[in-house]
> 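A single structure is presented below for examination.
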Protein chains: 2
Amino acid sequence: MKVSREQVAENRRNILAAAARLFRERGFDAVTLDDVMNEANLTRGGFYGHFKSKSDLMAQACAFAMRPTEHEPQTLLDYCTAYLSKEHRDNRAEGCPVAALGSEAVRQSLETRHKLAEGTKRIIAHLSKSAPGRTASARRIAALASFSAILGGLVLARMVDDPALSDEVLAANCKALTNAADS
Amino acid sequence: MKVSREQVAENRRNILAAAARLFRERGFDAVTLDDVMNEANLTRGGFYGHFKSKSDLMAQACAFAMRPTEHEPQTLLDYCTAYLSKEHRDNRAEGCPVAALGSEAVRQSLETRHKLAEGTKRIIAHLSKSAPGRTASARRIAALASFSAILGGLVLARMVDDPALSDEVLAANCKALTNAADS
DNA sequence: TGTACATCAGTGAACGCGCGTTCACTGATGTAC
DNA sequence: TGTACATCAGTGAACGCGCGTTCACTGATGTAC
């Protein structure tokens with residue numbers, strides 16, 4: 001049955017939100033369109049009214065997941081501390097898409113990679129403002145290096161099967177950050 | 001037809017080597033057993049004589065890919081420089097499995113994660129020897145943080161669709177490393 | 001050392017399941033008068 | 001404002017393909033004598 005224009009827009013948002021959560025939690029390949037549509041309280045057939053293909057959904061969902069949030073930490077140090085928290089490590093579904101999907105995204109469509117890259121550029125530009133350094137160039141380098149460091153730290157902390165090592169990885173990265181800030 | 005014991009061992013090694021290459025290049029899900037067996041010059045049916053399942057192969061292939069190589073750089077700085085090179089970025093198939101498969105490995109079997117974690121522990125222990133710091137604990141923290149940093153840098157450099165940004169990410173991480181070494 | 005035969009690694013066809021995608025149909029929406 | 005009807009978002013069954021896994025068979029290996 002036809003639905004109102006508002007309902008159409010809300011359905012589309014629900015599909016995107018469900019896809020953004022599920023992709024981050026289970027990875028692109030392991031999530032089926034059925035999974036996404038069920039989570040959005042719709043049925044399979046309706047999908048193609050909203051998106052061209054699953055690959056199209058991946059790109060759109062990445063853009064959705066990368067959109068700025070209201071409570072985004074303002075300073076580089078706050079951002080890194082929150083990024084390296086156990087809460088973030090244990091909540092892939094709502095965390096950074098680059099950490100959740102980074103090594104898979106490499107093999108996805110250019111659109112998907114582009115959406116993730118755009119979001120990353122925005123974050124880097126934002127973090128550059130509060131990064132240490134006398135010149136803009138030095139601050140940008142610091143922001144790029146810091147983002148790389150916390151990204152790798154989070155990926156590693158999630159990957160290892162040993163909880164003690166996982167905690168140690170987070171702690172070591174936090175320590176290195178504050179050391180760098182002091183010097 | 002039956003083959004000699006030596007041939008059996010060589011076939012197994014060939015399957016592992018093919019899988020280790022293909023998984024890193026295309027990801028776990030996108031590689032089929034047909035792909036692997038063809039690359040090893042065997043046919044599909046023979047697979048189950050060597051491995052219990054595809055999931056078993058993933059774990060074994062990760063262990064294979066993580067085994068120490070002959071030309072492994074000795075010092076932390078050499079290791080990081082090689083890790084952040086464009087050659088490494090552009091050669092996923094023979095590069096670090098953690099960078100190639102890190103965010104996917106999170107969702108794979110405990111065996112797979114364990115093999116990757118074991119290899120990572122070995123590398124961390126190795127890098128700790130040449131890491132800066134007066135105490136063993138400080139050196140270990142430095143090694144963990146450095147490995148996280150180059151891992152994240154490589155994942156990011158591979159992910160972004162903009163070649164200039166990709167190069168910039170590698171360069172920024174190299175710069176940050178040498179800065180840290182100087183201080 | 002030579003021969004007979006049991007073993008078993010590898011073959012390739014077949015199976016069954018799941019997933020992306022398509023499509024005829026339904027019925028509420030929203031427009032034209 | 002009220003009514004008739006064309007539109008079209010969503011439904012759910014169906015399709016087809018690909019993949020992991022199984023299995024009866026083959027023929028070279030390697031052991032027993």
Side-chain angles (χ1 to χ4, degrees), chain A residues 1-62 101 104-105 107-109 111-112, chain B residues 1-62 101 104-105 107-109 111-112:
Chain A
M1 53 289 179
K2 196 175 180 180
V3 303
S4 70
R5 274 196 276 274
E6 295 77 37
Q7 189 63 52
V8 170
E10 188 181 329
N11 286 347
R12 190 189 146 90
R13 270 196 307 277
N14 287 343
I15 296 172
L16 276 177
R21 284 184 57 87
L22 288 170
F23 284 150
R24 278 179 284 184
E25 189 164 328
R26 303 188 205 156
F28 290 123
D29 290 341
V31 173
T32 70
L33 295 185
D34 252 31
D35 292 336
V36 173
M37 295 302 276
N38 286 344
E39 187 100 347
N41 289 315
L42 293 164
T43 55
R44 190 187 323 193
F47 175 79
Y48 291 89
H50 292 281
F51 301 96
K52 234 175 59 224
S53 63
K54 186 182 179 185
S55 174
D56 180 29
L57 176 65
M58 289 180 195
Q60 309 284 343
C62 282
L101 297 165
E104 283 165 88
R107 301 137 188 148
Q108 302 303 331
S109 72
E111 276 75 16
T112 299
Chain B
M1 52 288 173
K2 196 175 181 181
V3 302
S4 71
R5 276 196 276 273
E6 294 76 40
Q7 189 63 53
V8 171
E10 188 180 329
N11 286 348
R12 190 191 146 90
R13 270 196 307 277
N14 287 343
I15 296 172
L16 276 177
R21 284 184 57 88
L22 289 170
F23 284 149
R24 278 178 284 185
E25 189 163 329
R26 304 188 206 154
F28 290 122
D29 290 341
V31 173
T32 69
L33 295 184
D34 252 30
D35 292 337
V36 173
M37 294 303 275
N38 286 344
E39 187 100 347
N41 290 313
L42 292 164
T43 55
R44 189 188 323 193
F47 175 79
Y48 291 89
H50 292 282
F51 301 96
K52 234 173 60 222
S53 63
K54 186 182 180 185
S55 174
D56 180 29
L57 176 66
M58 290 181 194
Q60 308 284 342
C62 282
L101 297 165
E104 283 166 270
R107 300 137 188 148
Q108 302 303 330
S109 72
E111 276 75 18
T112 299

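In what follows, chains are A, B, ... by sequence order, proteins preceding strands, each numbered from 1.
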> Is the side chain of B/Asn38 donor-acceptor paired with the backbone N or O of B/Asp35 at a distance under 3.5 Å, no angle test?
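Absent.
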> Check A/Phe23 against B/Arg107 and note the closest heavy-atom contact, atom names and distance.
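Taking A/Phe23 first and B/Arg107 second, the nearest heavy atoms are O-NH2, 3.9 Å.
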> If you restrict it to nitrogen or oxygen atoms, what contacts under 3.5 Å exist between nucleotides 13-18 of chain C and the protein, and what is each distance?
{"unit_1": "C/dA14", "atom_1": "N6", "unit_2": "B/Arg44", "atom_2": "NH1", "d": "3.4"}

> Any donor and acceptor pair, going by atom type alone, linking the side chain of B/Arg12 with main-chain N or O of B/Val8 inside 3.5 Å?
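No; zero donor-acceptor contacts below 3.5 Å.
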> Grab the two heavy atoms, one from B/Ala30 and one from A/Asp29, that are nearest each other, plus how far apart they are.
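Smallest interatomic distance, heavy atoms only, reads N-OD2, 4.3 Å.
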> Within the structure provided, determine whether A/Met58 and A/Glu104 are in side-chain contact (heavy-atom separation under 4.5 Å).
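Answer no - side chains too far apart.
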> Give the rounded distance in Å between these two atoms: CG of A/Leu33 and P of D/dT11.
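That distance rounds to 14 Å.
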> Tell me what B/Phe47 touches on the nucleic acid: a base, only sugar-phosphate, or nothing, going by heavy atoms under 4.0 Å.
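Touches nothing.
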> Please identify each residue that fulfils side chain to side chain contact (heavy atoms under 4.5 Å, CB included) with A/Ser109, with sequence neighbours left out.
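Per chain and number, A/Ser109 pairs via side chain to side chain contact (heavy atoms under 4.5 Å, CB included) with A/Ser55, A/Glu111, A/Thr112.
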> Taking atom CE of B/Met37 and atom CG of B/Asn11, what is their separation to the nearest 0.5 Å?
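Here the interatomic distance stands at 8.0 Å.
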> Please compare B/Gly46 and A/Gly46 by the position of their nearest nucleotide in DNA chain D and report the one closer to 5'.
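The answer here is A/Gly46.
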> Does A/Lys54 reach the main-chain N or O of A/Phe28 with its side chain, forming a donor-acceptor pair under 3.5 Å?
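Flag set: sc A/Lys54 to bb A/Phe28 pair under 3.5 Å.
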> So, does B/Arg24 use its side chain to make a donor-acceptor pair with the main chain of B/Ala20 at under 3.5 Å?
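Present.
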> With a 4.0 Å cut-off on heavy atoms, is A/Val31 in touch with a base, just the backbone sugar-phosphate, or nothing at all?
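Sugar-phosphate, backbone atoms only, no base.
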> At under 4.0 Å between heavy atoms, how does the protein contact nucleotides 24-33 of chain C? Give one character per nucleotide, 5' to 3', with B, S or -.
--BBBBSS--
> State, to 0.1 Å, how close B/Ser53 and B/Tyr48 come at their nearest heavy-atom pair, and which atoms those are.
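Shortest heavy-atom contact: CA-CE2, 4.1 Å.
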> Atom CD of B/Glu39 and atom CG of B/Leu22: how far apart are they, to the nearest 0.5 Å?
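Rounded to the nearest 0.5 Å, the CD-CG separation comes to 4.5 Å.
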> Rounded to whole Å, how long is the line connecting atom NZ of B/Lys52 with atom C1' of D/dT22?
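Spelled out: NZ on B/Lys52 to C1' on D/dT22 is 17 Å.
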> Which whole-number value in Å describes the distance from B/Gln7 CD to C/dG10 P?
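Atom CD in B/Gln7 sits about 8 Å away from atom P in C/dG10.
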> Atom CG of A/Asp34 to atom P of C/dT22: distance rounded to whole Å?
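In whole Å, C/dT22 P and A/Asp34 CG are 16 Å from each other.
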> Atom CZ of A/Phe51 and atom P of D/dG10: how far apart are they, to the nearest Å?
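It works out to 11 Å between those atoms.
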> To the nearest Å, how far apart are A/Met37 CE and C/dC19 P?
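After rounding, the gap between these two atoms is 15 Å.
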> Return the set of residues passing salt bridge (Lys or Arg N to Asp or Glu O under 4.0 Å) with A/Asp34 (not counting sequence neighbours), or none when no residue passes.
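With sequence neighbours excluded, A/Asp34 shows a salt bridge (Lys or Arg N to Asp or Glu O under 4.0 Å) to A/Arg44, given in chain and number order.
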> Starting at CG of B/Asn38 and ending at P of C/dG10, how long is that distance when rounded to a whole Å?
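Taking atom P of C/dG10 as the reference, CG of B/Asn38 is at 15 Å.
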> Quick one, which residues of residues 9-17 of chain A touch DNA chain D with a heavy atom under 4.0 Å?
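When residues 9-17 of chain A is checked for heavy atoms under 4.0 Å from DNA chain D, the hits, listed by number, are A/Asn11.
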> Out of D/dT21, D/dT11, C/dT21, which has the shortest distance to the side chain of A/Thr43?
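Out of D/dT21, D/dT11, C/dT21, the nucleotide with an atom closest to A/Thr43's side chain is D/dT11.
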> Find the distance between CG (B/Leu33) and OG1 (B/Thr43) and round it off to the nearest 0.5 Å.
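Reported to 0.5 Å precision, the distance equals 12.0 Å.
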> Applying the side-chain contact (heavy atoms from CB on, under 4.5 Å) criterion to B/Phe47, which one of B/Val36, B/Leu42, B/Leu57 satisfies it?
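Only one of B/Val36, B/Leu42, B/Leu57 forms a side-chain contact (heavy atoms from CB on, under 4.5 Å) with B/Phe47, namely B/Leu57.
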> Between D/dG12 atom C1' and A/Leu42 atom CG, what is the distance in whole Å?
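Distance, rounded to whole Å: 13 Å.
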> Using both pair distances under 3.5 Å as the test, note the stems of at least 3 consecutive Watson-Crick or G-U pairs that include DNA chain D.
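Stem segments, range with range: C:2-33 with D:2-33.
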